[in-house]
Amino acid sequence: MTVTRFAPSPTGHLHLGHAFAALTAWRRARDAGGRFLLRIEDIDRARCRPEYTADLLDDLAWLGLDWDGGTRLQSEHMGDYSAVLADLQSRALVYPCFCTRADIAAAGSAPQGPDGASVYPGICRALPPYVRTARIARGAPHAWRLDMAAATARAGALSFVEEGQGRLACAPERFGDVVLARKDAPASYHLCVTHDDAMQGITLVTRGNDLLPATGIHRLLQALMGWPAPIYAHHRLLTDASGRRLAKRDFAQTLRAMRATGMAPVQVRAAAMALSPAEMGSSG
Ligand code: GLU
């Protein structure tokens with residue numbers, strides 16, 4: 001059975017790009033007689049707001065989307081993510097990182113990862129175990145990073161199926177030692193999204209193609225944790241008439257603003273789908 005999901009982060013109001021993403025995942029599930037799930041990715045306490053969650057549920061319902069089962073809020077499952085982290089810790093696949101941004105900047109120029117962020121230079125990877133233990137014992141703030149070399153050695157060569165393109169090889173090592181648990185939260189996007197896609201039985205992930213390279217990290221975590229790999233269908237990101245990526249800060253593009261002008265749901269749905277060439281599929 002096809003199981004898809006829409007997984008917005010409640011950091012602002014939904015815009016047409018989100019409507020396109022949600023409609024795509026919803027249509028794929030409904031056309032296949034499958035299930036469409038809704039997941040709120042709200043682990044970032046500083047940026048996510050409950051009122052945005054409430055508003056997005058309202059916007060989706062107004063658009064005419066229905067989802068199966070309840071709404072999963074990641075913030076209610078922190079214990080699950082901690083358990084995954086503990087498992088990786090027990091296998092020495094992650095290490096604590098005490099670095100501040102300034103420490104990392106002082107380490108000199110680092111290569112850029114596929115997401116544009118600089119690759120972590122590995123300062124804390126080499127810390128002896130007694131130093132790690134002592135720093136943690138005295139309460140030093142720390143994140144947990146994946147030991148990418150150890151993880152890829154354990155998992156071997158990996159690939160995933162991208163709809164329309166066939167099997168693509170993964171290259172997670174280009175990201176370096178990614179953060180799996182942040183200083184301020186026992187989880188990170190990569191850990192939560194991979195865990196939840198597995199726990200929710202997602203078989204088809206539709207999302208924006210900005211996340212295509214990161215899929216290698218997700219595939220690696222799936223392999224390390226013994227989770228199944230869904231099929232992926234990345235689509236281009238929606239842009240406005242000037243070619244700029246739609247952003248939550250552009251209020252005029254929000255579904256709220258369109259509703260306020262008296263547009264009907266059917267018109268907004270048509271506007272969202274018209275933003276993308278049909279052959280491109282959906283947006284995440
Ligand atoms: N919460 C992510 C976002 O809003 C979705 C990531 C995904 O679909 O995997 O960009």
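Counting convention: from 1, in listed order, for ligands and their atoms alike. The residues of the chain are indexed from 1 along the displayed sequence.
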Below 4.0 Å from ligand 1: does a non-hydrogen atom of Y189 turn up there or not? yes

Can you label the angle between the W144 ring and the H142 ring as parallel, tilted or perpendicular, going by 30° and 60°? perpendicular

Under 30°, 30 to 60°, or over 60°: which ring-plane class applies to H218 and H190, parallel, tilted or perpendicular? tilted

Decide yes or no for F6 and H18: does some side-chain heavy atom of the first lie under 4.5 Å from some side-chain heavy atom of the second? yes

Could you say whether the N/O atoms of A7 and ligand 1 ever approach to under 3.5 Å? yes

Ligand 1 to R5 polar contact by distance, N or O atoms, under 3.5 Å: yes

V193 heavy atoms, cut-off 4.0 Å: which ligand 1 atoms fall inside? 9 (O)

Quick check on contacts: which atoms of ligand 1 are under 4.0 angstrom from a heavy atom of E41? 1 (N), 2 (C), 5 (C), 6 (C)

Side chain or backbone of V205 under 4.0 Å from ligand 1, or both, or neither, by non-hydrogen atoms? neither

Output for pair (D87 CG, S82 OG), nearest 0.5 Å, gives 12.5 Å

Tell me if a side-chain donor or acceptor on H77 pairs with a main-chain N or O of Q74 at a distance below 3.5 Å. no

